2 protein chains.
Amino acid sequence: MSDRSALLQALDGAGRRRTAPRRELATLIAGFDGAFTAADLSSAARRRGLDVGRATVFRTLDLLQSVGAVERIDLPEGEHAYVACTPSDHHHHVICTVCGLSTDVRDPSMVQLASTVAASSGYRIDMHRLELFGVCPACQASGRG
Amino acid sequence: MSDRSALLQALDGAGRRRTAPRRELATLIAGFDGAFTAADLSSAARRRGLDVGRATVFRTLDLLQSVGAVERIDLPEGEHAYVACTPSDHHHHVICTVCGLSTDVRDPSMVQLASTVAASSGYRIDMHRLELFGVCPACQASGRG
DNA sequence: TTTACTGCAAACATTTTGCAGATGT
DNA sequence: ACATCTGCAAAATGTTTGCAGTAAA
């Protein structure tokens, strides 16, 4: 459960408008406990009777991603998904493959790993993507995992 | 430049046939120095005058992935790509965003990071994906990066 | 009142599938 | 011979775009 107002403030910060569709989508995104796809978001809107076009869903996700309010991740099967997260602060996600719950991970050893790789490979490392997948405590406890 | 025969042997190992299209695709894949998309492979085949249908390209990539001879990665812009790699041995890739060159990385600290995350989050970690992106030495030297 | 934003529908890109025929073993 | 594999074309997905109208600032 992320923070709806953080999403809206991210819009303000980028000088973009707080439109009705964006407010509605922010509410829905804040309601997800973790990873969701564009289709998830779109159908959540439809289920609530909101009139938000598919294109707007994609445009809004792009926008939120560009301001760092959501991050795009790639699920193990190759699906694109998103997670709401706090901008700027570098971290990664552990995602439950049963329920989609996403938890932030901050681990300084990743930074070190990247520089080790840079040194040994000669590459200049510009970015990395680390995603961990597994089963969250609740799903383990309920025998779903 | 990976090993064409390794790809074919991976097929043998899985009891799958060495068909003409698969041999041709193996040659092409071995010719790539790094990451390539399904479309790259398909057009490389067409350019060589080979008659390999798109569906066969996807089916072959799926197959090679299922036997561990290629790995699917997700480029920063969300495109799906593949890299040939040696099966079973756990490693990651550093990918040049200029030329696509991919280099293997083996770093034991990643294993440790995963167990640290498991311990602190309570998740059971089943898999992780780590991809590093940057500019390879050659592209840096040539001023392309 | 100006410009960003919207929904729609069509376009586009990517991947999958059904099928009849070809091919490896 | 037999099952696997192939190309094709169509379909299913996923995402983007052009446009005329709408709404935020």
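Values in this document were obtained by computation on a predicted structure and should not be read as measured data. Letters A, B, ... mirror the listed sequences (proteins, then strands); counts begin at 1.
When the C1' atom of C:dT15 is taken as reference, atom CG of A:Asp74 falls 16 Å away, rounded to whole Å. If you measure from atom CZ of B:Arg46 to atom C1' of D:dC8, you get 14 Å, rounded to the nearest angstrom. Atom CZ in A:Arg22 sits about 18 Å away from atom P in D:dT22, given to the nearest Å. Straight-line distance from the CG atom of B:Leu63 to the P atom of D:dC5: 7 Å, rounded to whole Å. Whole-Å rounding puts the A:Leu50 CG to C:dC8 P distance at 13 Å. For A:Asp51 and C:dC8, the CG to C1' distance is 10 Å, given to the nearest whole Å.
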- [ ] At under 4.0 Å between heavy atoms, which parts of nucleotides 20-25 of chain C does protein reach? Answer with one letter per nucleotide, 5' to 3': B base, S sugar-phosphate only, - none.
- [x] ---BBS
Open item on the list: Using a 4.0 Å heavy-atom cut-off to protein, can you give one letter per nucleotide of nucleotides 13-20 of chain D, 5' to 3': B if the base is in contact, S if only the sugar-phosphate is, - if neither?
Closed with: --BBBB--
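In this structure, the side chain to side chain donor-acceptor pair (under 3.5 Å) partners of B:Arg124, at least two apart in sequence or on a different chain, are B:Asp126.
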Open item on the list: Using the rule given for side-chain contact (heavy atoms from CB on, under 4.5 Å), can you reason through A:Leu61 versus A:Phe36, listing the C-alpha separation, both sets of side-chain angles and the distance that settles it, and then say yes or no?
Closed with: CA-CA 11 Å; A:Leu61 286 171; A:Phe36 58 91; 3.9 Å; yes
Open item on the list: Quick one, A:Glu131 with A:His92, criterion side-chain contact (heavy atoms from CB on, under 4.5 Å). Give me CA distance, side-chain angles, the key distance, then yes/no.
Closed with: CA-CA 6 Å; A:Glu131 288 148 13; A:His92 302 100; over 6 Å; no
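There is no side-chain donor-acceptor pair under 3.5 Å between A:Thr37 and A:Tyr82. A donor-acceptor contact closer than 3.5 angstrom is absent between the side chains of A:Thr19 and A:Arg17.
Side chain of B:Arg4 to backbone of B:Arg23: a donor-acceptor contact under 3.5 angstrom is found.
Rounding to the nearest 0.5 Å places CZ of A:Arg46 at 5.0 Å from OG of A:Ser42.
At a threshold of 4.0 Å, the pair B:Glu24-B:Arg22 does not count as salt-bridged, since none of the basic side-chain nitrogens sits closer than that to a carboxylate oxygen.
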